[in-house]
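The first residue in the sequence is number 1, and the count goes up from there. Numbering of ligands and ligand atoms starts at 1, following listing order.
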Amino acid sequence: MELDAKIYVAGHKGMVGSAVVRALKEKGYTRIVWRDSKELDLTQQSEVVDFFEKEQPDYVFLAAAKVGGIEANNSLRAEFLYENLMIQNNVIHQSYKYKVKKLLFFASSCIFPKYAPQPLKEDYLLTGALEPTNEPYAIAKIAGIKLCENYNRQYGCNFISVMPSNLYGPNDNYDLKHSHVLPALLRKFHEAKQGNLARVEVWGSGRPKREFLHVDDLAQASLHLMETYAGNVFVNIGTGEDLSIKALAELIQNIVGYKGEMIWNTDKPDGTPRKLLDVSLIHSLGWSHEMDLEEGIERVYREKFIDV
Ligand code: GDP
């Protein structure tokens, strides 16, 4: 990507999009464009056409999506499927129409089959049934990957997809009902410490395992792939290391310094037992993560709750 190329970051206010904007600015890119959702509703085809007609971007990072944790995915099922399909259909199709040189689509590790062997290799996609709690979101993301792949095959586009593991970092969602586990637990332990509460409720059995990646690492990997990689195979982006939800909860409890007790609410779903990414492809392409999990959680805890 030339430093003066026009780059559209869709979803610039979200955790992923804002990290991509930070990384682009840091590298010296000067013509980054975006729109707030009030100015441009990406689910509306005509608005997306008007935007591409006006801006004619050279490169696109498609980070706009409806996202959330296990409860949001499980309850807002129709919204997750409909809105994500509409957003990606509109942005990917107009990127083809307006001859975007390259597009990068952000998928998610929840698209792999629930009981796929671990670690998850890229080619395990579509080899088994999905985890029911996030099936609508996964179906939309799989459709997005297939759009990129088949626009490349039929029209000769250069659209790539990446598969991040569970993300955390600045601009995460801390709403207790709809967020992911890491921000939810940071907030719960912090508030319990502040309020001298005796107990904190944690969901599920604590046995599922998850892999966590700081979003600044994801942004660096995405820029690296945008500059060096072309292909129909999507690329896993993660640390290649996971831990149980119980171990994560204890780590966060220690970082926050909360001395009370943890109560496990097993009425809440566990979700996928494990989704550890195989990161050999991204390593062979010359990138590996930098942020250690403990250091990353300490950093977001400070940024969100201490240095405010
Ligand atoms: P997932 O990775 O799509 O399953 O989404 P989450 O990050 O929401 O949940 C991961 C795991 O953490 C699940 O097993 C949850 O039951 C568990 N978990 C434990 N406590 C919490 C919590 O307070 N919020 C959320 N979202 N998940 C929790």
(message) For a quick test of reading the model, state the closest non-hydrogen atom pair linking V60 to S95 and the distance between them.
(response) CG2-OG, 3.8 Å

(message) What I'd like to find out is whether the side chain of D123 reaches to under 4.5 Å of the side chain of L125, using heavy atoms alone.
(response) no

(message) Show me, by chain and number, every protein residue that has a heavy-atom distance under 4.0 Å to ligand 1.
(response) G69, I70, N134, N166, S179, H180, V181, A184, L185, K188, V202, W203, P208, R210, I245, P269, D270, K275

(message) For L120, is there any backbone N or O sitting under 3.5 Å from a side-chain donor or acceptor partner on N236?
(response) yes

(request) Hey, can you tell me if Y8 and F51 have their rings parallel, tilted or perpendicular (30° and 60° cut-offs)? (result) tilted

(request) Verify the neighbour count for atom CZ of R207: are there more than 12 heavy atoms of other residues, nucleotides or ligands below 6.0 Å? (result) no

(request) Run the salt-bridge test on K121 and D278 with the 4.0 Å N-O cut-off and return the result as yes or no. (result) yes

